[in-house]
2 protein chains.
Amino acid sequence: MPSRRADPLTLEVVELIGDVVARYHVEYEQAAGRHQLTGAQAKVLTMLSLEPTPMPMRKIAQKLRCEPSNITGIVDRLETRGLVERLPDPADRRVKLAAPTEEGLQTADRLRESLDFAREPLGGLSTAERTALRDLLRRMLG
Amino acid sequence: MPSRRADPLTLEVVELIGDVVARYHVEYEQAAGRHQLTGAQAKVLTMLSLEPTPMPMRKIAQKLRCEPSNITGIVDRLETRGLVERLPDPADRRVKLAAPTEEGLQTADRLRESLDFAREPLGGLSTAERTALRDLLRRMLG
DNA sequence: TATTGTTATACTCTATAACTATA
DNA sequence: TATAGTTATAGAGTATAACAATA
């Protein structure tokens, strides 16, 4: 992996992405806080709310790219608040499946709606510009 | 602040931005880790390395949007490693100014160079596309 | 033996409140 | 009194290692 200097244009784009990241982060934490959730708790709850079926603890850790032992505590706190529950896996008694409760699903919905980042900064862009941005981001991540 | 559903295009852009944010974060932490720094330490060191003059502790906190008491510990750790030093402010004896050492500046430089996010994901984009992305991000950030 | 989830431990980050030394 | 930085404290996230139950 060669380490060379990027051109000024690339550097500026990287800096702008850094700004977007910083802003997104602040807004995400604020949105989570409005529901008495930390960022990590909001991430786990959101992920579980988008899954069609309950998810093993280990898989949550893989998706979040962290150690499985961390998920124990995060799910503990979500479970204490009645937003998530642990279910046994009939196929493997070692596994515990985490699933959002009805209240957890509602909280996840409200969380999504309160993410102002969805509207505010994109509000100034036309449909054509948003389409262009979408395509560029897709290619970037592709 | 009205809470309404965003259109599908906006939602997709927001999701893509979320992906970029997640990826940026992982890469930033990894780059920091390669230099035995945490993300917060890397942020402070980078900020100080870009400032023309030493910065009061309080101003660092404002820029990072956190409490001043946090900066004490972060600068403590950077200072222990010889990457940052605290200087007195001749104009106000209450103030302590933080400044990167020579080694701190070198570490900050290497950190920037090792931020793969600068090259890899943007490598697939042409100059015209990078320009378009820059303009869209600029408009997004207002 | 290997794997899943948990526990125990240690470190860092974070906010809050109280303290100190200046202003 | 007000402000800058620190300290003390508590909660949360993180990685590592060791453990019990199960495969």
Side-chain angles (χ1 to χ4, degrees), chain A residues 22 25-26 28-48 54-81 83-99, chain B residues 22 25-48 53-81 83-99:
Chain A
H25 237 222
V26 168
Y28 192 89
E29 292 283 336
Q30 286 176 344
R34 265 176 251 133
H35 300 280
Q36 281 72 247
L37 293 169
T38 65
Q41 289 164 13
K43 271 183 212 157
V44 170
L45 180 59
T46 297
M47 176 190 304
L48 293 178
M55 186 184 285
M57 302 293 281
R58 202 149 206 101
K59 196 171 171 189
I60 300 175
Q62 285 164 355
K63 284 221 178 195
L64 253 65
R65 295 164 182 255
C66 70
E67 293 301 312
S69 58
N70 300 330
I71 304 302
T72 298
I74 295 171
V75 169
D76 278 353
R77 283 160 218 129
L78 290 170
E79 196 168 28
T80 299
R81 291 195 39 203
L83 302 177
V84 162
E85 59 185 346
R86 275 182 248 238
L87 309 168
D89 182 345
D92 187 336
R93 289 198 294 172
R94 290 174 305 180
V95 174
K96 286 180 191 165
L97 303 170
Chain B
H25 238 221
V26 168
E27 297 209 14
Y28 192 89
E29 293 283 336
Q30 286 175 345
R34 265 176 253 134
H35 300 279
Q36 282 71 247
L37 294 169
T38 66
Q41 288 164 13
K43 272 184 211 156
V44 170
L45 181 59
T46 297
M47 176 191 303
L48 293 178
T53 55
M55 186 184 283
M57 303 293 282
R58 203 151 205 101
K59 196 171 172 189
I60 300 176
Q62 284 164 356
K63 284 220 179 195
L64 254 64
R65 295 165 182 254
C66 71
E67 293 301 314
S69 59
N70 301 329
I71 304 302
T72 298
I74 296 172
V75 169
D76 278 352
R77 283 160 218 129
L78 290 170
E79 198 168 28
T80 298
R81 291 194 40 202
L83 302 177
V84 162
E85 58 184 347
R86 276 182 249 236
L87 308 169
D89 182 344
D92 186 337
R93 287 199 294 172
R94 293 174 304 181
V95 173
K96 285 179 191 166
L97 303 170

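Worth knowing before you read on, the calculation uses all heavy atoms, side chains too, and leaves out hydrogens, waters and symmetry mates.
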Chemist: Which one, C:dA15, C:dG5, D:dG13, comes nearest to the side chain of A:Met57?
Modeler: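 Comparing C:dA15, C:dG5, D:dG13 against the side chain of A:Met57, the answer is C:dG5.
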Chemist: To the nearest Å, give me how far apart CG (B:Asn70) and C1' (D:dG13) are.
Modeler: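 Taking CG of B:Asn70 and C1' of D:dG13, I get 14 Å after rounding.
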Chemist: Need one value for B:Asp89: base, sugar-phosphate or nothing, where a base atom within 4.0 Å counts as base even if backbone is also close, heavy atoms only.
Modeler: nothing
Chemist: Compare the minimum distances between each of D:dG5, D:dG13, C:dT7 and the side chain of A:Thr72, then state the nucleotide with the smallest one.
Modeler: C:dT7
Chemist: Find the distance B:Glu79:CD to D:dG5:P and express it as a whole number of Å.
Modeler: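 Interatomic distance, CD of B:Glu79 to P of D:dG5: 13 Å.
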Chemist: Out of C:dC13, D:dT7, C:dT22, which has the shortest distance to the side chain of B:Asp92?
Modeler: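 The closest nucleotide is C:dT22.
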Chemist: Whole angstroms only, please: what is the CD-P distance between B:Gln62 and D:dG5?
Modeler: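 Value for this atom pair: 9 Å.
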Chemist: Please give, in whole Å, the distance from C:dG5 P to A:Arg86 CZ?
Modeler: 10 Å
Chemist: Distance-only, no hydrogens or angles: does the A:Arg81 side chain make a donor-acceptor pair with backbone N or O of A:Gln36 under 3.5 Å?
Modeler: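 Yes, because the side chain of A:Arg81 sits within donor-acceptor range (under 3.5 Å) of the backbone of A:Gln36.
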Chemist: Would you kindly give the CZ-to-C1' distance between A:Arg81 and D:dG11, to the nearest whole Å?
Modeler: 14 Å
Chemist: Using the side-chain heavy atoms of A:Arg77, tell me which of these nucleotides is nearest: D:dG13, D:dA4, C:dG5.
Modeler: D:dG13
Chemist: How close do A:Leu83 and A:Leu45 get, heavy atom to heavy atom, and via which atoms?
Modeler: O-CD1, 4.0 Å
Chemist: D:dT6, OP1 or OP2 - any side-chain N/O from B:Lys96 closer than 4.0 Å?
Modeler: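 For B:Lys96, the contact criterion (side-chain N or O under 4.0 Å from OP1 or OP2 of D:dT6) is met.
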Chemist: Among the nucleotides D:dG5, C:dG5, D:dT14, which one has an atom lying closest to any side-chain atom of A:Arg58?
Modeler: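 Of the options given, the side chain of A:Arg58 lies nearest C:dG5.
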Chemist: Under 3.5 Å, is there an N or O donor on one side and an acceptor on the other linking the side chain of A:Arg94 and the base of C:dT3?
Modeler: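 Indeed there is one.
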Chemist: Provide, to the nearest angstrom, the distance between the CD atom belonging to B:Gln41 and the P atom belonging to D:dG13.
Modeler: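 About 20 Å, once rounded to whole Å.
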Chemist: What does B:Arg93 touch in the nucleic acid at a heavy-atom separation under 4.0 angstrom: a base, only the sugar-phosphate, or nothing?
Modeler: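 Contact class for B:Arg93: sugar-phosphate only.
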Chemist: Specify the closest pair of heavy atoms between B:Pro88 and B:Leu97, including all atoms of both residues, with the distance to one decimal.
Modeler: O-CD1, 3.8 Å
Chemist: Report the distance from atom CD of B:Glu67 to atom P of D:dT9, rounded to the nearest whole Å.
Modeler: 19 Å
Chemist: Would you call A:Ile60 and A:Leu48 a side-chain contact if the rule is heavy atoms closer than 4.5 Å?
Modeler: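 The answer is yes; the side chains approach within 4.5 Å.
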Chemist: With DNA chain D as reference, determine whether B:Asp76 or A:Cys66 sits nearer its 5' end, using the nearest nucleotide of each.
Modeler: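 Upstream on the strand: B:Asp76.
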Chemist: Given atom CD of B:Gln36 and atom P of D:dT14, what is their separation to the nearest angstrom?
Modeler: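 My rounded result for the distance is 20 Å.
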Chemist: Is A:Ile74 touching bases, backbone alone, or none of the nucleic acid, heavy atoms closer than 4.0 Å?
Modeler: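 Sugar-phosphate: the residue A:Ile74, judged by heavy atoms under 4.0 Å, touches backbone atoms but no base.
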Chemist: Contact class for A:Ser69 vs. all strands (heavy atom < 4.0 Å): base, sugar-phosphate, or nothing?
Modeler: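 Touches a base.
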Chemist: For residues B:Leu87 and B:Ala99, report the shortest heavy-atom separation together with the two atoms involved.
Modeler: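 Heavy-atom minimum between the residues: CD1-CB, 4.0 Å.
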